[in-house]
Amino acid sequence: MTFKNKKSNKILIAGMLWLTALSACTSTESSNNNNIDKNNVSVNESLQSDFTGTSLGKFTIKDINGKQYNQDMFKDYDLTMINIFTTWCSPCVAEIPDLEKIHTTMAEQKVNVVGVVLDVLDEKGNIIQEYLEKAQSLAKQTGATYPILIPDSTYMNGQLIGIEAIPESFFVDKNGNIVGETYSGSRDFEDWKKLIEDNLADLKRDN
């Protein structure tokens, strides 16, 4: 490899790292040091890059406005996107309008979006009122009408544990089974739409 090619590769790698930094936040960036105490959580398995076939199981969970949900929230949709984020992560917040667009424009294709905000809870699983109010305010400011959930005591049976970069998103089918891969970093509407359509096509082919 020539010096010129080496230099070009270094520039390319640096650019890729810079783009990654713009689209995702690491867990160490939390302004309130919101680390999950795993001793207080019932954990089945940490979130992996590809965990197709894993079920979220049964759970009871509330959104930021106190409305209660369970695993039946998935049954009316062929595919549900679960987007995990925090209020302090700028790329997370910036993509919420695009996720809302997915929620409204792809509903006829039986696609839904669900947010999960992690930093509303402290390390012992207690709600931090300041961050709850911030999440509620963000939902209003960004126009999000899809459910934004607060993790339950099991963190969705352990599937919300082990996240190192946010936002992080994955998909489940109508039975709550995880399909496809986990996606780290934010994306715009067109990128998410393409990924969702690909996942829908895979579901139809497998069924």
Side-chain angles (χ1 to χ4, degrees), residues 44-86 91-118 120 135-136 138-140 142-161 163 166-207:
N44 291 335
E45 184 178 358
S46 293
L47 201 62
Q48 302 296 323
S49 60
D50 187 352
F51 48 141
T52 299
T54 302
S55 173
L56 291 185
K58 295 181 179 181
F59 58 85
T60 301
I61 199 166
K62 291 183 178 181
D63 70 7
I64 56 175
N65 297 311
K67 184 177 179 179
Q68 186 167 292
Y69 295 85
N70 59 32
Q71 66 279 354
D72 290 339
M73 68 188 303
F74 305 128
K75 68 180 183 180
D76 293 330
Y77 302 93
D78 290 337
L79 198 68
T80 296
M81 174 184 180
I82 298 180
N83 174 257
I84 305 160
F85 73 102
T86 63
C92 300
V93 175
E95 75 170 347
I96 291 177
D98 287 317
L99 300 184
E100 174 63 19
K101 188 175 180 180
I102 291 169
H103 174 62
T104 55
T105 64
M106 301 192 75
E108 291 184 359
Q109 296 172 258
K110 292 189 175 182
V111 172
N112 194 24
V113 176
V114 172
V116 181
V117 57
L118 292 182
V120 167
Q136 293 168 337
L138 281 175
K140 291 179 181 178
T142 57
T145 62
Y146 57 84
I148 297 179
L149 308 178
I150 301 171
D152 63 331
S153 61
T154 71
Y155 282 77
M156 279 190 169
N157 293 310
Q159 297 304 332
L160 304 180
I161 303 293
I163 298 170
I166 49 174
E168 188 156 284
S169 303
F170 62 93
F171 298 94
V172 298
D173 63 17
K174 63 179 58 181
N175 298 312
N177 296 316
I178 299 166
V179 296
E181 299 181 359
T182 300
Y183 301 92
S184 294
S186 62
R187 290 166 174 77
D188 62 20
F189 171 77
E190 292 299 331
D191 286 342
W192 278 127
K193 184 173 183 289
K194 177 65 168 58
L195 285 171
I196 289 169
E197 289 172 343
D198 289 346
N199 276 281
L200 282 172
D202 289 342
L203 272 179
K204 292 179 180 178
R205 184 172 59 250
D206 292 341
N207 295 331

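Start at 1 with the first residue, then count along the sequence.
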Seminar exercise, completed: CD (Glu100) and CG (Asp98) are apart, to the nearest 0.5 Å, by 10.5 Å
For this session: Taking side-chain contact (heavy atoms from CB on, under 4.5 Å) as the test, write out the residues that go with Thr60, two or more places apart.
Result: Gln68
Exercise. CG/Asn83 to CH2/Trp192 distance, rounded to the nearest 0.5 angstrom?
Worked result: 7.0 Å
For this session: Say whether, by atom type as modelled, one donor and one acceptor occur between the side chain of Glu168 and the main chain of Ile84 under 3.5 angstrom.
Result: no
For this session: Compare every heavy atom of Arg187 with every heavy atom of Glu95, then report the nearest pair and how far apart it is.
Result: OE1-N, 3.0 Å
Exercise. Hey, what do you get for CZ (Phe74) to CG (Leu56), rounding to the nearest 0.5 Å?
Worked result: 5.0 Å
Exercise. Going through the distances and angles, do Thr105 and Phe189 end up as a side chain to side chain contact (heavy atoms under 4.5 Å, CB included)?
Worked result: CA-CA 10 Å; Thr105 64; Phe189 171 77; 3.6 Å; yes
Seminar exercise, completed: Minimal heavy-atom distance between Leu200 and Leu79, with the atoms involved, is CD2-CB, 3.8 Å
For this session: Sort out for me which residue in Asn112, Leu149, Thr80 forms a side chain to side chain contact (heavy atoms under 4.5 Å, CB included) with Met73.
Result: Leu149
Problem set entry | Donor-acceptor contact present, side-chain Asn157 to main-chain Lys58, <3.5 Å | yes
For this session: May I ask you to say whether Lys194 pairs ionically with Glu190, meaning some side-chain N is under 4.0 Å from a carboxylate O?
Result: no
Seminar exercise, completed: Distance col, row Met81:CE vs Tyr183:OH, nearest 0.5 angstrom, shows 9.5 Å
For this session: Answer whether the closest heavy-atom distance between the side chains of Tyr146 and Ile96 falls below 4.5 Å.
Result: yes
Exercise. So, for Pro151 and Val116, which heavy atoms are closest and what is the spacing to 0.1 Å?
Worked result: CG-CG1, 3.9 Å
Exercise. Once you round to the nearest 0.5 Å, how far does CG of Asp78 lie from CG of Leu203?
Worked result: 7.0 Å
Problem set entry | Shortest non-hydrogen contact between Ile166 and Cys92, atoms and distance | C-SG, 3.8 Å
Exercise. Is Phe171 close to Ile178 at the side-chain level, that is, under 4.5 Å between some pair of heavy atoms?
Worked result: no
Exercise. Is Lys174 salt-bridged to Asp76, cutoff N-O under 4.0 Å?
Worked result: no
For this session: Only counting residues at least two apart or in another chain, list the ones meeting salt bridge (Lys or Arg N to Asp or Glu O under 4.0 Å) with Lys101.
Result: none
For this session: Could you grab the distance from atom OG of Ser169 to atom CD1 of Ile82, nearest 0.5 Å is fine?
Result: 9.5 Å
Problem set entry | Closest non-hydrogen atom pair, Asp173 against Asn175 | OD1-N, 2.9 Å
For this session: Search all heavy atoms of Pro167 against all heavy atoms of Ser186 and return the closest pair with its distance.
Result: CG-N, 3.6 Å
For this session: Would you mind reporting whether Ile64 and Gln136 have side-chain heavy atoms less than 4.5 Å apart?
Result: yes
Exercise. Do Ile102 and Ile196 have side chains that get closer than 4.5 Å, going by heavy atoms?
Worked result: yes
